[in-house]
Amino acid sequence: MAPRPTHTKFIFVTGGVVSSIGKGITAASTAAILEARGLRVTLLKMDPYLNVDPGTMSPFQHGEVFVTDDGAETDLDLGHYERFTTATMARLNSVSSGQIYETVINRERHGEYLGATVQVIPHITDEVKARILKAAEGFDICLVEVGGTVGDIEGLPFLEAIRQMRLEYGAENTAYIHVTYVPFIKTADELKTKPTQHSVNAMREIGIQPDIIVCRSEKPMPPEVKRKISLFCSIPPENVIAAVDAQSVYELPLAFKDEGLDQRLCDQLGIWAREARLADWKRIVEGVKIVDPEVTINVVGKYVDLKESYKSLCEALLHGGIANRVRVRLHFIEAEDLEGDADCDAILYGASGILVPGGFGSRGTEGKIRAIEYARTHNVPFLGICLGLQLATVEFARNVCGMTDANSTEFNPESRHAVVDLLPEQRGVTDKGATMRLGAFQCVLTPDSLAASLYSSAEISERHRHRYEVNNEFIGPLIEKGLIVSGLYTGERAKQAAALPDGRKGLIEIIELPGHPFFIACQFHPEYKSRPRAPHPVFRGFIQAAAAFRQSRKV
Ligand code: GLN
């Protein structure tokens with residue numbers, strides 16, 4: 001039996017019955033209450049798909065791609081992990097089958113298995129365990145969420161690896177939480193436990209007896225339902241934890257505490273820790289429940305019917321609302337609906353802020369440019385993110401500086417005013433994934449700018465995910481007409497960029513318009529770093545400006 005190389009205790013979170021039942025939120029909320037007990041907690045997501053990372057997956061398929069400081073493109077659950085805890089996620093906190101197989105096959109090609117037959121057990125499972133141990137180093141608790149649903153063929157190697165870890169480290173160092181769905185059947189007026197029983201049976205078939213079952217349900221769970229699940233699934237009734245649908249996901253840490261989840265885990269794992277201190281979560285939940293005043297933000301994007309692809313963005317806006325004690329209502333507008341002979345005024349009027357988020361591909365860009373023009377000319381608070389900054393630059397170049405064909409070369413490679421372009425060294429790169437600017441980059445703020453006042457700081461670090469940059473060659477006339485460059489990346493990559501008219505050398509990270517109540521756009525994604533307990537300054541400021549706009553206009 002392998003010795004336990006760290007003092008860490010492991011909590012494994014699996015899911016059954018159906019997908020999308022909130023395993024990620026369950027793992028994150030469990031981490032939150034354990035952290036509230038003073039424990040050092042980290043999390044790890046294991047995804048069974050064969051993609052090496054979700055970077056190249058369509059947002060329709062996968063939802064948002066979350067980006068870490070060290071530039072990993074990961075599953076959106078890592079966003080939940082960061083928002084619910086104080087942990088900072090990195091590349092090692094997200095593992096896919098693709099990565100595991102890639103590592104093992106590369107090792108095999110290098111002859112490192114010394115002629116052995118390379119197999120799922122032990123080679124793949126050993127690599128899975130090695131990744132878990134690596135991520136766990138230095139923490140009291142490592143929560144490991146296994147993606148997918150029990151019964152999926154793809155997830156088996158991961159489940160086998162976590163099964164072995166119980167054998168190796170014992171029940172006092174490992175706990176299995178199984179998240180299931182307990183449907184309410186209207187005609188019977190009853191919550192049904194059968195799917196949970198089947199799902200737990202499927203776990204047992206592969207050798208894992210869950211210690212705790214978290215039951216998602218629409219209705220409160222009566223004691224007899226818990227007793228039934230306890231009996232059929234062989235766990236004490238107090239280990240059946242109800243997770244009833246709530247208005248906000250941020251209620252879950254409180255609900256779990258009420259259900260005794262943290263205590264059950266601490267009992268099993270022999271952890272002595274103080275009571276969970278959840279005062280800040282209570283404040284967040286109060287903040288989420290504020291209904292008045294309500295501030296409406298027009299979010300002009302693509303994929304608007306799939307809000308999962310803007311997960312962190314929606315959360316960051318919500319955090320901005322909590323910080324300002326207002327309710328934020330998001331009005332999603334399909335950018336293409338603003339194109340052609342659309343009546344933009346009619347569509348955009350009524351909201352107190354306009355946001356153009358990140359995006360790829362040309363569909364809808366002209367509509368987004370119209371939304372930006374509307375925000376600029378009607379003094380509506382505006383926040384542009386990534387593509388939103390690029391298009392704000394295009395809009396200003398076209399409509400204020402007379403560069404009528406201004407564009408990003410992503411959308412018009414022939415434009416004579418390529419105000420957004422690839423950096424010279426990227427132009428020849430054909431392997432798409434390799435050319436992205438990914439992860440955290442430092443950014444120097446211009447004194448006395450809106451950006452500097454929002455951040456109250458001279459230098460910041462934010463996360464990126466894009467290929468194109470504002471082209472400094474064309475920025476002169478825009479600055480002359482009043483555009484302010486208020487954030488600049490001056491590191492290694494910036495050496496390829498031309499100097500700004502004032503002699504500063506760097507890549508443009510933030511632009512803003514003085515004289516406008518709030519018009520700011522950033523090349524990075526501030527939403528990745530917003531947490532309910534630490535709302536991001538840009539979103540706090542944006543919602544504050546929107547609330548003031550609403551007050552002045554009564555909209
Ligand atoms: N498509 C743009 C680029 O690649 C913007 C990307 C984004 O908004 N994340 O630079």
Side-chain angles (χ1 to χ4, degrees), residues 53-60 62-69 71-74 76 79 299-304 306 308-314 316 335 354-369 371-372 382-395 397 406-413 415 418-427 429-441 443 462-472 474-475 487 489 493-494 496-497 507-511 520-530 538:
D53 64 45
T56 50
M57 283 190 208
S58 152
F60 281 118
H62 188 270
E64 173 184 83
V65 173
F66 188 76
V67 177
T68 58
D69 275 345
E73 297 180 278
T74 71
L76 59 78
V299 179
V300 183
K302 259 192 330 182
Y303 310 129
V304 280
L306 191 82
E308 284 291 284
S309 49
Y310 296 129
K311 192 79 211 157
S312 295
L313 181 72
C314 297
I354 292 179
L355 191 148
V356 175
F360 293 84
S362 63
R363 189 166 70 79
T365 47
E366 291 301 322
K368 292 177 192 178
I369 290 171
I372 296 166
F382 170 75
L383 173 58
I385 295 176
C386 205
L387 180 62
L389 168 132
Q390 298 172 358
L391 295 179
T393 309
V394 170
E395 192 279 323
N407 215 331
S408 162
T409 51
E410 182 178 6
F411 314 123
N412 177 11
S415 169
V419 295
V420 176
D421 200 355
L422 293 174
L423 285 175
E425 82 174 14
Q426 283 184 313
R427 288 191 192 124
V429 185
T430 47
D431 180 2
K432 282 198 166 182
T435 65
M436 285 255 216
R437 175 142 82 108
L438 280 170
F441 289 82
C443 166
E462 292 280 7
R463 297 180 188 167
H464 290 249
R465 182 172 185 256
H466 58 100
R467 293 189 185 90
Y468 292 80
E469 307 280 355
V470 173
N471 184 352
N472 291 0
F474 288 98
I475 204 71
Y489 160 70
R493 252 171 201 258
Q496 304 170 55
L507 295 177
I508 293 175
E509 296 281 58
I510 310 177
I511 58 169
I520 194 164
C522 37
Q523 185 56 77
F524 47 80
H525 289 268
E527 69 271 26
Y528 289 141
K529 285 179 69 169
S530 186
V538 166

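First listed ligand is number 1; within each ligand, the first listed atom is number 1. For this chain, numbers begin at 1 and follow the sequence in order.
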Between Gly358 and His525, which heavy-atom pair has the shortest distance, and what is it? CA-CE1, 4.2 Å
Shortest non-hydrogen contact from Gly301 toward Lys368: CA-CE, 3.9 Å
With Phe66 via ring-ring contact (aromatic ring centres under 6.0 Å, His included) - residues at least two apart: Tyr528
Between Glu410 and Ser362 (side chain of the first, backbone of the second, donor and acceptor by atom type, cut-off under 3.5 Å), is there such a pair? no
On a heavy-atom basis, the closest approach of Glu395 and Ile369 is CG-O, 3.6 Å
State plainly whether the residues Arg437 and Glu469 are in salt-bridge range, i.e. N to O under 4.0 Å. yes
For ligand 1, the residues whose heavy atoms come within less than 4.0 Å (ordered by chain, then number): Gly358, Gly359, Phe360, Cys386, Leu387, Gln390, Glu410, Arg465, His466, Arg467, Tyr468, His525
